[in-house]
Asks: 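Sharing a structure below in structure tokens format, with a few things to ask.
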Amino acid sequence: MSRLKRKKYEALLEPMQAELIAAARWIAATGQRLVILFEGRDTAGKGGAIGAIADTLNPRHCHIAALPKPGEEEKTQWYFQRYAARLPSAGHIVLFDRSWYNRAGVERVMGFATEAEVESFLEAAPAFEKILVDDGVLLFKYWLTCDQAQQEERFAERAADPLKRWKLSPIDQAARDKYGAYTDAREAMLKATHTKHAPWTLVDFNDQRRGRLTLIRDLLDRLPDTRCKEEKLDWPPLKGAPEEERFSVLKPIRNYPLD
């Protein structure tokens, strides 16, 4: 399958982003709460998918939750506690760049959690999510799939690009030898947590642009009727000639040279 070119991708994405804006308007007007989980392998494209959704929305209403590893105090708390604190209030959207499912993935594969802790999580997660859904939260769970050849290509790209090198970590290096273990962990997670009230959706992200379009289209199609009347704002012309900036205390710094 050939990769989607940027120009065609942007042309296909633009009308979907207009739909996302309309959906966000509906969420704000009706007091809905939308939670979207983005899970998947390293380099799968979680950040790009989140950006394709969030970049066009009001940051006062659409928030990204990308939690670091838990601190010592957080390790003593109820496992879901720090995630629950980031859930949205009425009229808001939260996009989780990784989520409580860390326990079923990286923590299990890399040995950061015991098997007893993982099994306890897999039993508790559906109940936790049912509480959210029963309370009216719109919950969507996406897993972004990526073949190892693609993953290796993206790792190499990050290693060679100084602007992307910060994305690499020792965990990424260790994970390269555990592709199959991550597959097994994901399948066990799906078996335990793919429920009627909170189903998983897998999206092929071997072509990240095509994957973003697939994910956003699925999300828009599964949201309730989001039609909401947009208030028209009258925008009359200025009453006089436009003014220029005036400075009396400080002046702007020198413009960046283009030559």
Side-chain angles (χ1 to χ4, degrees), residues 4 6-40 44-67 80 82-101 128-144 195-205 208-238:
L4 186 62
R6 179 180 294 277
K7 188 174 181 179
K8 184 174 182 180
Y9 162 71
E10 291 175 347
L12 293 169
L13 178 63
E14 185 175 354
M16 292 190 200
Q17 289 182 320
E19 290 185 66
L20 286 169
I21 292 171
R25 186 186 309 120
W26 169 78
I27 288 167
T30 59
Q32 301 291 329
R33 292 165 292 163
L34 175 61
V35 173
I36 310 175
L37 311 187
F38 294 82
E39 294 287 349
K46 296 178 289 296
I50 290 170
I53 294 172
D55 287 352
T56 193
L57 301 182
N58 186 339
R60 294 186 180 91
H61 296 282
C62 180
H63 314 282
I64 298 172
L67 277 62
F80 295 96
R82 71 192 194 117
Y83 297 103
R86 303 299 296 271
L87 294 172
S89 54
H92 289 251
I93 301 166
V94 174
L95 312 176
F96 278 93
D97 187 348
R98 298 195 181 276
S99 66
W100 46 89
Y101 281 98
F128 172 66
E129 291 166 2
K130 192 167 193 312
I131 291 172
L132 300 183
V133 173
D134 287 349
D135 197 54
V137 171
L138 301 171
L139 177 61
F140 293 82
K141 305 189 302 189
Y142 288 101
W143 181 279
L144 283 50
T195 61
K196 185 176 181 180
H197 61 269
W200 278 99
T201 302
L202 273 60
V203 185
D204 182 350
F205 261 68
Q208 292 180 332
R209 292 171 184 161
R210 192 185 299 265
R212 291 172 205 153
L213 296 175
T214 302
L215 189 153
I216 294 172
R217 184 70 268 159
D218 178 81
L219 171 66
L220 290 167
D221 289 344
R222 290 166 59 196
L223 282 171
D225 185 356
T226 59
R227 285 176 293 183
C228 182
K229 186 176 181 181
E230 182 179 5
E231 294 184 9
K232 290 187 177 181
L233 181 64
D234 291 331
W235 203 263
L238 289 171

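Residue numbers start at 1 and run along the sequence shown. Hydrogens, waters and symmetry mates are skipped; everything else that's a heavy atom, side chains included, is used.
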Asks: For the atom pair CG (Leu233) and CD (Glu230), what is the distance rounded to the nearest 0.5 Å?
Replies: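 Reported value, rounded in 0.5 Å steps: 9.5 Å.
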Asks: In the structure I gave you, are the side-chain heavy atoms of Leu213 and Met16 within less than 4.5 Å of one another anywhere?
Replies: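 Leu213 vs Met16: side chains touch.
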Asks: Apply the test side chain to side chain contact (heavy atoms under 4.5 Å, CB included) to residues Leu34 and Leu223: give CA-CA distance (whole Å), side-chain angles for both, the deciding distance (0.1 Å), then the verdict.
Replies: CA-CA 10 Å; Leu34 175 61; Leu223 282 171; 4.2 Å; yes
Asks: Working to the nearest 0.5 Å, report the span between NE2 of His63 and CZ of Arg86.
Replies: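 Between atom NE2 of His63 and atom CZ of Arg86 there are 9.0 Å.
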Asks: Evaluate side chain to side chain contact (heavy atoms under 4.5 Å, CB included) for Tyr83 paired with Val94, printing each intermediate quantity in order.
Replies: CA-CA 11 Å; Tyr83 297 103; Val94 174; over 6 Å; no
Asks: Taking atom types as modelled, is there a side-chain donor on Tyr142 or Lys46 under 3.5 Å from an acceptor on the other?
Replies: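 No, no side-chain donor-acceptor pair sits under 3.5 Å.
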Asks: Got a second to check how far Leu12's CG is from Leu4's CG, nearest 0.5 Å?
Replies: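 Reported value, rounded in 0.5 Å steps: 6.5 Å.
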Asks: Using the rule given for side chain to side chain contact (heavy atoms under 4.5 Å, CB included), can you reason through Ile53 versus Leu20, listing the C-alpha separation, both sets of side-chain angles and the distance that settles it, and then say yes or no?
Replies: CA-CA 7 Å; Ile53 294 172; Leu20 286 169; 4.3 Å; yes
Asks: May I have the step-by-step check of salt bridge (charged side-chain N to carboxylate O under 4.0 Å, His left out) for Glu19 and Arg217, ending in yes or no?
Replies: CA-CA 10 Å; Glu19 290 185 66; Arg217 184 70 268 159; 2.9 Å; yes
Asks: Closest approach of Cys228 and Arg25, non-hydrogen atoms and distance?
Replies: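 Shortest heavy-atom separation between Cys228 and Arg25 comes out as O-NH1, 4.0 Å.
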Asks: Determine whether a donor-acceptor pair (N or O, by modelled atom type, separation under 3.5 Å) exists between the side chain of Lys141 and the backbone of Ala198.
Replies: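 Here the side-chain-to-backbone pair exists.
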Asks: Should Leu67 and Arg82 count as side-chain neighbours, where that means a heavy-atom distance under 4.5 Å?
Replies: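 Result yes, sub-4.5 Å side-chain heavy-atom pair found.
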Asks: Taking the side chain as everything from C-beta on, heavy atoms only, tell me whether Leu215 gets closer than 4.5 Å to Phe38.
Replies: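 With C-beta onward as the side chain, the pair touches.
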Asks: Asp218 and Arg222: which non-hydrogen atoms are nearest, and at how many Å?
Replies: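 Smallest interatomic distance, heavy atoms only, reads OD2-NH1, 2.8 Å.
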Asks: Are the side chains of Leu138 and Arg33 in touch, meaning some heavy atoms are under 4.5 Å apart?
Replies: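 SC-SC contact between Leu138 and Arg33 ruled out.
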Asks: Side chains of Leu144 and Gln208: closer than 4.5 Å at any heavy-atom pair?
Replies: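 Contact flag for Leu144/Gln208 side chains = no.
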Asks: If only atom types and distance count, is the side chain of Gln32 paired as donor or acceptor with the main-chain N or O of Val137 below 3.5 Å?
Replies: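 No, the answer is negative, given that no donor and acceptor are paired below the 3.5 Å cut-off.
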Asks: Taking the side chain as every heavy atom from C-beta outward, state whether Thr214 and Phe205 have any atom pair closer than 4.5 Å.
Replies: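 Result no, sub-4.5 Å side-chain heavy-atom pair not found.
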Asks: If you measure from CG on Leu95 to CD1 on Ile64, what distance do you get to the nearest 0.5 Å?
Replies: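 Going from CG on Leu95 over to CD1 on Ile64, the span is 6.0 Å.
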Asks: With rounding to the nearest 0.5 Å, note down the distance linking SG in Cys62 to CD1 in Ile27.
Replies: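 Nearest 0.5 Å value for the SG-CD1 distance: 8.5 Å.
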Asks: Can you tell if the side chain of Leu139 reaches within under 4.5 Å of the side chain of Glu129, non-hydrogen atoms only?
Replies: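 Answer yes - side chains close enough.
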Asks: Test side chain to side chain contact (heavy atoms under 4.5 Å, CB included) on Ile93 and Val35 and set out the steps.
Replies: CA-CA 6 Å; Ile93 301 166; Val35 173; over 6 Å; no
Asks: Please give me the minimum heavy-atom distance between Gln17 and Thr56, naming the atom from each residue.
Replies: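 Scanning both residues completely, I find the closest heavy atoms to be CB-CG2, 3.9 Å.
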Asks: Do Glu39 and Trp200 have side-chain heavy atoms sitting under 4.5 Å apart?
Replies: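 Result yes, sub-4.5 Å side-chain heavy-atom pair found.
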Asks: How far does NE2 of His92 sit from CG of Asn58, to the nearest 0.5 angstrom?
Replies: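 That separation rounds to 9.0 Å.
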Asks: With no hydrogens and no angle check, do the side chains of Tyr9 and Arg210 hold a donor and an acceptor under 3.5 Å apart?
Replies: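 There is no such pair (donor and acceptor under 3.5 Å, judged by atom type) between the side chains of Tyr9 and Arg210.
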